[in-house]
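Here is the structure we will look at, set down as structure tokens.
What you see below is based on every heavy atom in this structure, not just the backbone, and it leaves out hydrogens, waters and symmetry mates. Predicted model, so just to flag it, every value in this text is computed and none were measured. Residue numbers run from 1 in the order of the sequence given.
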Amino acid sequence: MKLEDFIATFIEEIDSQYDNASNSEQVFVEKMGEYLSENGIITDIELSFGQKSGQGLKVNAYSFNEEQETLSIFIAEYDRYKFGKTISKANVEKTLRRVVKYYSKSISGMKNEMEETAEDYPLAQLIFEQHGKSIKSVEFFMLTNNLYKANERIILPEVKGLKVKYQIWDIERLYQLINETQGLDNIEINFEIQFGKTFELIKVPNNENVHFDCYMGFIPADLLAMSYEVWGQRLIERNVRSFLQARGNVNRGIRDTLRKNKEMFVAYNNGISTVAEAAILEVASEGSNLFKVKEFKGWQIVNGGQTTASVFHALKEGIDLSDVFVQVKLTVVQSDIGLNNMTAKISEYANTQNKISMSDLKANHPSLIHLETISRTTWIPSSDGTKSSSKWFFERARGQYLVEVNRQTTPAKKKAFQKRKYPKIRY
């Protein structure tokens, strides 16, 4: 599908949900939010429109990931008659400043000046009560049906006491996410810049004709946990199995070892297998086979997702991981085709934790990925003439349904997910 075709299809989706009683901009925000949620970029989006034009404030929606202590706030730059037009860097910055100002005003108690019935009151209250507490970082998202062709870094005010990120999602970036990467984000990590520390790996000798390089070593457990904190489920998208929570014996063993016997962790745990499209490493000392890791591009954990998430939860519990290390294997593959094939084989041969069935090993097949996408976007027709309220949930990778349930931030949202949007009987 070409970009022009995708835009036409997207317009049809918006128009099919839009009526004179609704706000087409909010329909657009909701639809983009669904795509971002289904592809692991955010948790479920909550519409929360608020605007004070005289004060330069605006917000459209938010998404709160309580586990990662991250609040995502969305603002739209939308014109239903100008899909695919170009938007300038100046307009992008102007739009984002409005939502940054909204956050700053909310910190100061803007909710006290609002009606409790206002759509954005819960967001203003959440910011006021949890800023610096359960909200440790904020991501400001700009959603637009235009094209940001400049694609330049933007400069915006800082928010005191918070880690802040800005993301611009134009219609082309959404198209790339859905149609070119099949939901896999191209993760780029510079460990020293982002986390202030790195690690070293030994290069495994191989034949020069082989189209990959392999490295072995140990990554500090806290560094692995911090990486998962930033990237979340996107870091293990190519894993054959989603994290199954600390319910099986294997996961309980990981958790209990970190709590009670962490000095034995590296002996008891099999570590993680990872792949990358590219890696920047520098020789630790002349003539040695030891390399200092600088940067990974397209990094994915293809085996060891449970270990990764368990280490992350241990860090969140306050367990000191400074002297805990995780064995890591890195395979750097020279082509994207080779990366997909290598990933499938590593997933098949390297699994040594929970029992793997043949259905698990086939989870990355393109037809199953496509079926998963269809199930997340197709409403089940109603048999009584009313509007459809639920979808099928195709569980491509074992444990996905449980992961999605536990991503819901409140008991009410979990109940709505399991009872209405994706009933258990339909997955």
Side-chain donor or acceptor of D170 paired with backbone N/O of R173 under 3.5 Å: yes
Interatomic distance, E188 atom CD to W231 atom CH2 [nearest 0.5 angstrom]: 7.5 Å
Presence of salt bridge, K94 and E77, under 4.0 angstrom: no
Reported CG-to-OG distance for the pair L57 and S106, which is rounded to 0.5 angstrom: 8.0 Å
Worked verdict on T198 versus E192 for side chain to side chain donor-acceptor pair (under 3.5 Å): CA-CA 6 Å; T198 186; E192 286 189 325; 5.5 Å; no
Donor-acceptor contact below 3.5 Å, side chain N190 vs main chain I193: yes
Nearest-0.5 Å distance, OG1 of residue T308 to CD1 of residue I301: 3.5 Å
Plane angle bin for F83 and F10 - parallel if under 30°, tilted between 30 and 60°, otherwise perpendicular: tilted
Side-chain heavy-atom pair V324, V311 within 4.5 angstrom cut-off: no
Exam field: side chain K105 to backbone K111, donor-acceptor pair closer than 3.5 Å: no
Closest non-hydrogen atom pair between H131 and Y103, with its separation: ND1-OH, 2.9 Å
Y62 vs L126 side-chain heavy atoms within contact, under 4.5 Å: yes
Identified side-chain hydrogen bond (donor to acceptor under 3.5 Å, both in side chains) counterpart of N60 within the set Q51, E25, E30: E25
Value rounded to 0.5 Å, distance of CG in L201 from CZ in F218: 10.5 Å
Heavy-atom check, side chain of V326 versus side chain of V266, under 4.5 Å: no
Distance-only side-chain donor-acceptor flag, N146 / Y78, under 3.5 Å: no
Aromatic ring pairing F6/Y35, orientation class (parallel under 30°, perpendicular over 60°, tilted between): tilted
Atom pair OH/OG1 of Y268 and T257 - distance to nearest 0.5 Å: 7.0 Å
Minimum side-chain heavy-atom gap I272-N303 below 4.5 Å: no
Residue pair F141, I42: steps toward the side chain to side chain contact (heavy atoms under 4.5 Å, CB included) verdict: CA-CA 10 Å; F141 283 74; I42 60 169; 3.8 Å; yes
Residue pair N270 / Q327: nearest heavy atoms and the distance that separates them: O-NE2, 3.8 Å
Intermediate values then yes/no, side chain to side chain contact (heavy atoms under 4.5 Å, CB included), M142 and V92: CA-CA 8 Å; M142 176 181 160; V92 167; 3.8 Å; yes
Atom pair CZ (R98) and NZ (K52), whose distance is rounded to the nearest 0.5 Å: 13.0 Å
Residue pair E34 / I45, side-chain heavy-atom distance below 4.5 Å: no
N-O pairing of E317 and R259 below 4.0 Å: yes
Derivation and outcome, side chain to side chain contact (heavy atoms under 4.5 Å, CB included), residues F265 and E263: CA-CA 6 Å; F265 184 83; E263 69 277 4; over 6 Å; no
Any T307 side-chain heavy atom under 4.5 Å of I254 side chain: yes
N-O pairing of K316 and E229 below 4.0 Å: yes
Residue pair F49 / K58: nearest heavy atoms and the distance that separates them: CE1-CE, 4.0 Å
Minimum heavy-atom distance between A61 and L47, given as atom pair plus value: CB-CA, 4.0 Å
Centroid separation F191 to F199 less than 6.0 Å: yes
Nearest atoms (heavy-atom pairs only) where A314 meets L258: CB-CD1, 3.7 Å
Among L330, V275, V332, the one residue meeting side-chain contact (heavy atoms from CB on, under 4.5 Å) with W299: L330
F312 vs Y228, ring pair (Phe, Tyr, Trp, His ring centres under 6.0 Å): CA-CA, chis, key distance, verdict: CA-CA 7 Å; F312 165 74; Y228 184 79; 5.1 Å; yes
Side chain K262, main chain D320, donor-acceptor under 3.5 Å: yes
Main-chain N/O of I135 paired with Q130 side-chain donor or acceptor, under 3.5 Å: no
K197 and D222: CA distance, side-chain angles, deciding distance, salt bridge (charged side-chain N to carboxylate O under 4.0 Å, His left out) verdict: CA-CA 10 Å; K197 63 190 299 185; D222 58 352; 3.1 Å; yes
Side-chain donor or acceptor of S104 paired with backbone N/O of V100 under 3.5 Å: yes
Step-by-step side chain to side chain contact (heavy atoms under 4.5 Å, CB included) determination, V99 to F74: CA-CA 8 Å; V99 72; F74 302 83; over 6 Å; no
I127 side chain near L71 side chain, heavy-atom distance below 4.5 Å: yes
More than 12 heavy atoms of other groups within 6.0 Å of K82 NZ: no
Check ion pair E46-K413 (N to O, under 4.0 angstrom): yes
Aromatic W169 / basic K31 pairing, under 6.0 angstrom, 45° off normal: no
Check: I280 and F296 side chains under 4.5 Å, non-hydrogen atoms: no
L143 versus L36, closest heavy-atom pair with distance: CD2-CD1, 4.1 Å
Side chains of S310 and Q306, donor plus acceptor under 3.5 Å: no
